[in-house]
Every structure is written in C-alpha cells, then in structure tokens.
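Source: prediction; values computed, not measured. Sequence positions, counted from 1, serve as the residue numbers for this chain.
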Amino acid sequence: MIGIVPIIAKSLNDGYSDKQMIEWFVNSFCGKKSATISKAYNDAAGRGTGKNSAVMKRVEEIKKDYDKYFGNMKTLAS
C-alpha cells in the first residue's frame, strides 16, 4: 500500500475528491481474479515484492492506471 501514497498526494494536487478517489481505488484494486486490474502490477506483487524493481513497477502501474482512469473521466465530462 505504500505505493499508493504518491498517488494520494497527486490526487490532492489534482483536486479530486475523496469520493472520486474511492471510486478509482475500487475500480483498480477489485480485480475479478487478481488483486488489481493490472497484470503487470499483479506480477510485481506476486514475487520478490520487496525488491526495488518490483516496488517501482507497482508504483508505475498505479500511476498509469490513475492517469488512464481520470483521463477517461475528463473525456466523458467533455
């Protein structure tokens, strides 16, 4: 969960509400067969989770998903 802290800080800077963040979090971290909807994140969380490369991969995947989710939200609002 430490990988989510930079995204929470980013969401505050981006002006997203706690409700919006909860919706994103539930969308991203409630995979049907795995912990998340990102295969790369799940792979990095499955083995060698403490390795720097695995941590960085999970952070990268969280950021990509955040950017994609809120980018799509902006597109829908336009």
Visitor: Does anything in residues 2-13 pair up under side chain to side chain donor-acceptor pair (under 3.5 Å), and if so which pairs, sequence neighbours excluded?
Guide: K10-D14
Visitor: The test is salt bridge (Lys or Arg N to Asp or Glu O under 4.0 Å); show your working for R58 and E61 and say whether it passes.
Guide: CA-CA 5 Å; R58 291 193 310 269; E61 289 301 311; over 6 Å; no
Visitor: Quick check for you: to the nearest 0.5 Å, what is the distance between F70 atom CZ and M21 atom CE?
Guide: 5.5 Å
Visitor: Yes or no on side chain to side chain contact (heavy atoms under 4.5 Å, CB included) for Y16 and Y66, after CA distance, side-chain angles and deciding distance?
Guide: CA-CA 11 Å; Y16 293 116; Y66 171 93; 3.2 Å; yes
Visitor: List the steps and the verdict of side chain to side chain contact (heavy atoms under 4.5 Å, CB included) for K64 and K68.
Guide: CA-CA 6 Å; K64 282 196 308 192; K68 180 180 176 185; over 6 Å; no
Visitor: I want to know whether F29 and Y41 have ring centres closer than 6.0 Å.
Guide: yes
Visitor: Is there a path from I8 to I62 through hydrophobic residues (I, L, V, M, F, W, Y) whose side chains come within less than 4.5 Å of each other?
Guide: yes
Visitor: Before you tell me yes or no, could you show the steps for D43 and K57 under side chain to side chain contact (heavy atoms under 4.5 Å, CB included), namely the whole-Å CA-CA distance, both residues' side-chain angles and the distance that decides it to 0.1 Å?
Guide: CA-CA 9 Å; D43 289 346; K57 185 61 174 176; over 6 Å; no
Visitor: To the closest 0.5 Å, what do you measure between CD1 (I7) and CG (D65)?
Guide: 9.0 Å
